[in-house]
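Presented below is the structure to which this report refers.
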Amino acid sequence: MSRLTVYRDDAPDTILLDVTTPGEIAETLRPHNIRFDRWSAPVTPAPDAPAEEVLEAYRPYLDTLMGETGAGSADVVRINASTPNLPELRKKFLSEHTHSEDEVRFFVHGQGAFVLHIRGRVYSVLCTQGDLISVPAGIPHWFDAGPSPDVVALRVFTDTTGWIAQYTGDDIANRFPAEVPAEASGNS
Ligand SMILES: [Fe+2]
């Protein structure tokens with residue numbers, strides 16, 4: 001189940017808001033220019049489906065999104081037990097960072113949490129199968145898919161160099177660990 005939890009950035013133990021419906025999540029994030037949406041393909045591609053098949057399944061959504069945002073390309077990424085250097089990769093995602101372009105991800109399978117740090121608040125967004133999220137350029141954030149990730153995701157780019165992370169050096173992610181339920185793989 002998708003979930004948004006909001007905290008003050010100096011009070012990790014006090015939840016200000018906790019919502020689980022896609023509508024409430026989208027509505028809370030919209031004022032910060034964060035897009036949260038649900039996409040459903042007529043047939044969900046199998047977890048090991050070729051990238052072309054995954055892209056094709058969501059083509060109408062991708063075309064609309066790319067038309068609205070000016071994004072030029074999309075690809076498919078998988079993070080699972082066979083991903084090389086998984087612990088190091090996880091550590092990289094888990095440090096607060098920004099990008100010079102929007103980070104747009106759609107969860108075809110599995111789940112992961114994007115945690116965004118905006119004007120004194122922390123917005124922890126647990127995304128599950130069927131969720132689209134865009135993290136605007138320049139917004140500090142971190143990401144985790146748990147210790148045993150099993151994720152298939154679409155990435156949408158305007159400029160493939162833009163997703164290189166710029167680390168803020170703030171250790172806030174240690175105080176607000178992304179919360180991903182243990183059953184991180186599989187359906188929402
Ligand atoms: Fe990022």
Side-chain angles (χ1 to χ4, degrees), residues 2-7 9 12 25-26 28-37 39 51 54 58 62 65-66 68-80 83-181 184:
S2 314
R3 174 172 225 139
L4 165 65
T5 317
V6 183
Y7 307 85
D9 68 356
I25 296 173
T28 307
L29 296 176
R30 193 174 301 123
H32 305 292
N33 294 321
I34 300 157
R35 187 187 288 249
F36 181 87
D37 204 356
W39 290 359
V54 180
Y58 296 97
L62 283 169
L65 178 72
M66 289 161 112
E68 286 170 10
T69 61
S73 62
D75 70 3
V76 177
V77 283
R78 292 183 162 85
I79 311 172
N80 54 40
T83 303
N85 302 323
L86 195 54
E88 279 167 47
L89 193 68
R90 187 179 181 211
K91 235 160 106 186
K92 268 167 65 176
F93 291 150
L94 261 173
S95 287
E96 188 185 65
H97 62 274
T98 62
H99 305 281
S100 60
E101 79 154 59
D102 296 356
E103 181 169 4
V104 184
R105 299 291 181 269
F106 171 74
F107 287 78
V108 180
H109 288 284
Q111 53 187 349
F114 277 95
V115 190
L116 296 89
H117 189 191
I118 307 169
R119 291 198 285 274
R121 295 276 188 276
V122 169
Y123 297 78
S124 181
V125 191
L126 175 65
C127 297
T128 60
Q129 182 176 328
D131 288 345
L132 172 93
I133 187 167
S134 74
V135 178
I139 294 284
H141 65 276
W142 51 102
F143 173 80
D144 194 25
S148 314
D150 193 1
V151 175
V152 180
L154 293 176
R155 306 188 294 182
V156 181
F157 301 107
T158 49
D159 166 7
T160 47
T161 61
W163 59 272
I164 294 167
Q166 287 110 38
Y167 292 96
T168 64
D170 189 326
D171 65 355
I172 184 170
N174 297 336
R175 298 188 294 282
F176 292 90
E179 284 169 32
V180 182

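Predicted model, so just to flag it, every value in this text is computed and none were measured. Note that ligands are numbered from 1 as they come in the structure, with each ligand's atoms numbered from 1 the same way.
Rounding to the nearest 0.5 Å gives a distance of 9.5 Å between CD1 of Ile139 and OH of Tyr123. The structure places NE2 of His141 at 13.5 Å from NE2 of His117, a figure rounded to the nearest 0.5 Å.
For the Fe ion (ligand 1), the nearby protein N/O/S atoms, meaning those under 2.8 Å, are His97 NE2, His99 NE2, Glu103 OE1, His141 NE2.
When each of Asn85, Thr83, Asp144 is tested with Arg90 by the rule side chain to side chain donor-acceptor pair (under 3.5 Å), just one qualifies, namely Asp144.
Here the closest non-hydrogen pair linking Trp39 and Asp37 is NE1-OD2, 3.8 Å.
Within the structure, every pair that satisfies the salt bridge (Lys or Arg N to Asp or Glu O under 4.0 Å) test and touches residues 124-135, not counting sequence neighbours, is listed here: Arg38-Asp131.
Judged by distance alone, with hydrogens and angles left aside, the side-chain atoms of Asp102 form a donor-acceptor pair with the main-chain N or O of Ala137 at under 3.5 Å.
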